[in-house]
Asks: 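Okay, handing you the structure first.
If you're wondering where the values come from, they're calculated on a predicted model, not measured in any experiment.
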Amino acid sequence: MRKHGETVEVLALVAGEPDDLGNDTKSWGLPLKVANVLVAPSSTTDLNGAIRPDGDSTTLNLYFPKSFTGVLRGARVIVRGETYEVQGDPFAYDPTITPGARNLVVSVERVEG
């Protein structure tokens with residue numbers, strides 16, 4: 001099978017040991033490399049207002065292969081060395097009715113400034 005996508009890394013939150021007060025803790029797990037992901041720019045927006053005059057937001061659409069079965073809700077994805085936050089809870093198209101190698105569109109965002 002020919003591959004045209006990139007390799008990205010998915011970081012999911014994992015439950016840790018309770019802290020000294022018994023509160024649940026979470027941390028970022030080890031990166032899971034996912035190959036053959038298509039990366040498409042979606043939008044870039046300046047953040048307006050007095051609080052973040054130099055801020056901007058970059059959104060990408062990532063097209064994951066049908067072989068990916070991980071959970072992306074609340075995850076982070078590293079694309080070309082930059083870390084993005086997954087937006088929402090991505091839901092895959094039914095693979096039996098989706099032509100091609102991909103069936104999951106994931107919107108990710110990075111905010112700076």
Asks: Identify each donor-acceptor pair in which a side-chain atom of residues 77-84 lies under 3.5 Å from a protein atom, sequence neighbours left out, and give them as a table.
Replies:
{"unit_1": "Arg80", "atom_1": "NE", "unit_2": "Glu6", "atom_2": "OE1", "d": "3.1"}
{"unit_1": "Arg80", "atom_1": "NE", "unit_2": "Glu6", "atom_2": "OE2", "d": "3.2"}
{"unit_1": "Arg80", "atom_1": "NH2", "unit_2": "Glu6", "atom_2": "OE2", "d": "2.4"}
{"unit_1": "Tyr84", "atom_1": "OH", "unit_2": "Arg110", "atom_2": "NH1", "d": "3.0"}

Asks: When you measure from the side chain of Lys66 to the backbone of Gly100, do you find a donor-acceptor pair of N or O atoms at a distance under 3.5 Å?
Replies: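 Between the backbone of Gly100 and the side chain of Lys66 there is a qualifying donor-acceptor contact (under 3.5 Å).
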Asks: Hey, can you pull the donor-acceptor pairs under 3.5 Å for the side chains in residues 13-26, sequence neighbours left out?
Replies:
{"unit_1": "Asp19", "atom_1": "OD1", "unit_2": "Leu21", "atom_2": "N", "d": "3.0"}
{"unit_1": "Asp19", "atom_1": "OD1", "unit_2": "Gly22", "atom_2": "N", "d": "3.1"}
{"unit_1": "Asp19", "atom_1": "OD1", "unit_2": "Asn23", "atom_2": "N", "d": "2.8"}
{"unit_1": "Thr25", "atom_1": "OG1", "unit_2": "Glu17", "atom_2": "O", "d": "2.5"}

Asks: Apply side-chain contact (heavy atoms from CB on, under 4.5 Å) to Pro65 and list each qualifying residue two or more places apart in sequence or on a separate chain.
Replies: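 Partners of Pro65 by the side-chain contact (heavy atoms from CB on, under 4.5 Å) criterion, ordered by chain and then number, come out as Val34, Val37, Ser67.
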Asks: Do Leu62 and Leu38 come within less than 4.5 Å of each other through their side chains, counting heavy atoms only?
Replies: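 Result no, sub-4.5 Å side-chain heavy-atom pair not found.
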Asks: Run through the side-chain heavy atoms of Ile, Leu, Val, Met, Phe, Trp and Tyr, join any pair under 4.5 Å, and report what else lands in Val71's cluster.
Replies: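 Val71 clusters with nothing; isolated.
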Asks: Evaluate the side-chain proximity of Tyr63 to Leu104: yes if any heavy-atom separation is below 4.5 Å, no if none is.
Replies: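 A side-chain contact under 4.5 Å is absent here.
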Asks: Tell me, do Arg102 and Asn36 make a side-chain contact under 4.5 Å, heavy atoms counted?
Replies: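 Side chain of Arg102 against side chain of Asn36, heavy atoms only: contact under 4.5 Å found.
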Asks: Do Leu11 and Phe64 land in one hydrophobic cluster if side-chain heavy atoms of ILVMFWY residues count as linked below 4.5 Å?
Replies: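 No, Leu11 and Phe64 fall in different hydrophobic clusters.
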Asks: Taking side chain to side chain donor-acceptor pair (under 3.5 Å) as the test, write out the residues that go with Asp89, two or more places apart.
Replies: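 Not a single residue meets the side chain to side chain donor-acceptor pair (under 3.5 Å) criterion with Asp89.
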Asks: How would you list, by chain and number, every residue that makes a side chain to side chain donor-acceptor pair (under 3.5 Å) with Thr69, sequence neighbours excluded?
Replies: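 Per chain and number, Thr69 pairs via side chain to side chain donor-acceptor pair (under 3.5 Å) with no residue.
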Asks: Any donor-acceptor pair under 3.5 Å linking the side chain of Asn61 with the backbone of Ser42?
Replies: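 The answer is no, because no donor-acceptor pair under 3.5 Å joins these two groups.
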Asks: Identify the two heavy atoms, one from Tyr93 and one from Thr98, that lie closest to each other, and give their separation to 0.1 Å.
Replies: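 Closest approach of Tyr93 to Thr98: CB-OG1, 3.4 Å.
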Asks: Quick check: is Leu32 connected to Trp28 through a chain of hydrophobic side chains (ILVMFWY, heavy atoms under 4.5 Å apart)?
Replies: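 No, because Trp28 and Leu32 fall into different hydrophobic clusters, even though each may have its own neighbours under 4.5 Å.
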Asks: Write down the atom of Ala75, the atom of Val10, and the distance for their closest heavy-atom approach.
Replies: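 Here Ala75 and Val10 meet closest at CB-CG1, 4.3 Å.
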Asks: Membership question, hydrophobic clusters at under 4.5 Å side-chain separation (ILVMFWY): are Leu72 and Val105 in the same one?
Replies: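 In one cluster: no.
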Asks: Please identify each residue that fulfils side-chain contact (heavy atoms from CB on, under 4.5 Å) with Glu109, with sequence neighbours left out.
Replies: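 Counting only residues at least two positions away or on another chain, Glu109 forms a side-chain contact (heavy atoms from CB on, under 4.5 Å) with Ser57, Thr59, Gln87, Val111.
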